[in-house]
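First the proteins, then the strands, lettered A, B, ... as listed; each starts at 1.
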2 protein chains.
Amino acid sequence: MFVSTYESAIDAKGRVSIPAPFRAALGGGTRIFLWQALDGSGCLEGGGDALMAMYRATLTRLAPQSEVRKALVNRIIAGSADLKMDETGRIKLPENLCKAAELTDRIKFAGNMDSFQIWNPEKHAAFNAAMEAAAAAPETLEAFGRAYSEVLHQQGVGNYMGPKLVEGGEG
Amino acid sequence: MFVSTYESAIDAKGRVSIPAPFRAALGGGTRIFLWQALDGSGCLEGGGDALMAMYRATLTRLAPQSEVRKALVNRIIAGSADLKMDETGRIKLPENLCKAAELTDRIKFAGNMDSFQIWNPEKHAAFNAAMEAAAAAPETLEAFGRAYSEVLHQQGVGNYMGPKLVEGGEG
DNA sequence: ACTCAACCCATTGAGGCCCATGCGCACCCA
DNA sequence: TGGGTGCGCATGGGCCTCAATGGGTTGAGT
């Protein structure tokens with residue numbers, strides 16, 4: 001799972017080092033997919049083979065000629081850059097994606113569970129501020145608490161024995 | 001799987017280089033099929049032996065004398081150009097398909113999972129813009145999220161263990 | 001004989017691969 | 001607990017390979 005946030009620099013050749021913990025989350029794979037976040041937040045989203053395979057399975061579940069599927073395939077499949085890490089864990093960011101996400105010299109890698117995000121640092125700070133406020137809202141806290149309880153019950157019906165789920169495959 | 005988008009040029013002899021990652025997705029085969037997209041989007045659609053075999057199997061499942069089957073056979077089977085890549089990975093685009101898709105000097109190859117598309121660059125830009133708007137719509141994002149959850153549950157019922165699927169065959 | 005197309009060779013430019021370096025963090029030992 | 005040392009990670013740079021494109025030649029068909 002992709003957890004935590006790291007900062008990295010774009011070098012003169014347009015390369016960035018993937019943070020080592022994220023490389024570990026990729027499970028040794030060297031293929032990286034990058035695309036623009038669907039929600040218009042202006043960041044990039046990325047993942048490895050496993051995530052793309054999941055997305056393929058997901059997209060295949062949608063009605064073949066539906067607008068929804070065509071839009072998602074366009075954004076995620078056609079819109080992805082298909083990159084390969086070098087020996088030192090770096091990728092070359094494509095021009096168009098850098099421009100779209102306003103990435104210049106320094107960037108932020110933010111964990112997003114199955115995927116990670118790449119942010120312009122200023123936009124990321126603004127996003128953080130907004131999310132901090134949203135997270136503190138009572139309905140957010142309540143929704144979280146309720147969902148957590150459901151997971152607990154699903155695991156050991158009523159008998160809470162501490163967290164049990166473990167990290168499985170890779171990302 | 002055909003992922004990402006690449007630009008290529010038509011040379012004086014009417015040839016275009018298939019992007020190297022797409023050649024890899026073809027699994028070493030040198031036979032390429034090209035036809036006009038069924039949905040009227042004005043692009044061409046293409047694939048290799050494996051895709052055509054899939055289509056053959058698909059069409060065979062349809063009632064033999066049905067209008068549906070006849071229409072699809074006409075468009076996909078009769079309507080396809082059967083091309084062969086040269087040693088450097090180029091194909092010669094047939095006149096009629098170039099005219100139908102308004103392909104002149106530069107073209108776009110867009111990944112479409114099991115197949116790829118060939119676009120006039122301007123039309124592709126317009127299509128992208130429309131798809132970007134459609135993808136950002138709340139109902140699209142929700143449909144995607146729901147389908148993704150289903151895939152997750154299908155894998156490890158409720159117990160999230162991280163992405164697990166792996167890339168299978170070719171396109 | 002002429003035309004068209006397929007096959008082959010050449011060039012160049014970008015991208016991938018590899019080596020080198022320096023810094024910071026963590027661990028170890030005193 | 002503090003200082004020293006070593007390894008891992010981030011970064012810079014050079015080289016070499018491969019992909020994209022242009023052009024030429026040969027063979028077959030008309």
Legend entry - Salt bridge B/K92-B/D86, side-chain N to carboxylate O under 4.0 Å: no
Legend entry - Pairwise 5' ranking along DNA chain D for B/P21 and A/A9, keeping only the more 5' one: A/A9
Legend entry - Rounded interatomic separation in angstrom, taking CG from A/D11 and P from C/dA20: 19 Å
Legend entry - Integer-rounded Å distance: C/dA14 P and B/Y6 OH: 17 Å
Legend entry - Nearest-nucleotide comparison on DNA chain C, the residue closer to the 5′ end among B/M85 and A/L83: B/M85
Inset, instruction - Assign B/D86 to base, sugar-phosphate, or nothing according to its heavy-atom contacts below 4.0 angstrom with the strands shown. - result: nothing
Legend entry - B/L93 CG to C/dA5 C1', straight-line distance once rounded to whole Å: 15 Å
Inset, instruction - Return the set of residues passing ring pair (Phe, Tyr, Trp, His ring centres under 6.0 Å) with A/F144 (not counting sequence neighbours), or none when no residue passes. - result: none
Inset, instruction - Can you tell me the distance, in whole Å, between the CZ atom of B/F22 and the P atom of D/dA20? - result: 11 Å
Inset, instruction - Have a look at A/I10 and say if it touches a base, only the backbone sugar-phosphate, or nothing, with a 4.0 Å heavy-atom cut-off. - result: nothing
Legend entry - Candidates D/dA19, D/dT21, D/dG12 - which lies nearest the side chain of B/A20: D/dA19
Legend entry - Interatomic distance where CG belongs to B/D82 and C1' belongs to C/dA6 [whole Å]: 15 Å
Inset, instruction - For A/K92, report the nucleic acid contact type (base, sugar-phosphate, nothing); a contact means any heavy atom under 4.0 Å. - result: sugar-phosphate
Inset, instruction - Starting at atom CZ of A/R31, determine the distance to atom P of C/dG16, rounded to an integer number of angstrom. - result: 13 Å
Inset, instruction - Evaluate the side-chain proximity of B/R90 to B/M85: yes if any heavy-atom separation is below 4.5 Å, no if none is. - result: no
Inset, instruction - Please determine if a side-chain N or O atom of B/S17 lies less than 4.0 Å away from the OP1 or OP2 oxygen of D/dT21. - result: yes
Inset, instruction - Kindly say if B/S8 contacts the phosphate of D/dT21, meaning a side-chain N or O under 4.0 Å from OP1 or OP2. - result: yes
Legend entry - Rounded distance in Å - CD (B/E87) to P (C/dA10): 15 Å
Inset, instruction - Check whether any side-chain N or O of A/K13 sits under 4.0 Å from OP1 or OP2 of C/dA14, and answer yes or no. - result: no
Legend entry - Side-chain cluster (under 4.5 Å, hydrophobic types only) that B/W119 belongs to, other residues: B/F127, B/M131
Inset, instruction - Would you tell me if any nitrogen or oxygen in the side chain of B/R15 comes within less than 4.0 Å of OP1 or OP2 on C/dC4? - result: no
Inset, instruction - Using only heavy-atom distances, decide whether a donor-acceptor pair under 3.5 angstrom links the side-chain of A/R90 to the base of C/dG16. - result: no
Inset, instruction - Take the protein atom CD1 of A/I107 and the nucleotide atom C1' of D/dT11, then report the distance between them rounded to whole Å. - result: 14 Å
Legend entry - Closest heavy-atom pair and its distance - A/S41, A/A37: OG-CB, 3.7 Å
Inset, instruction - Using only side-chain N and O atoms of B/R106, determine if any of them is under 4.0 Å from OP1 or OP2 of D/dA20. - result: no
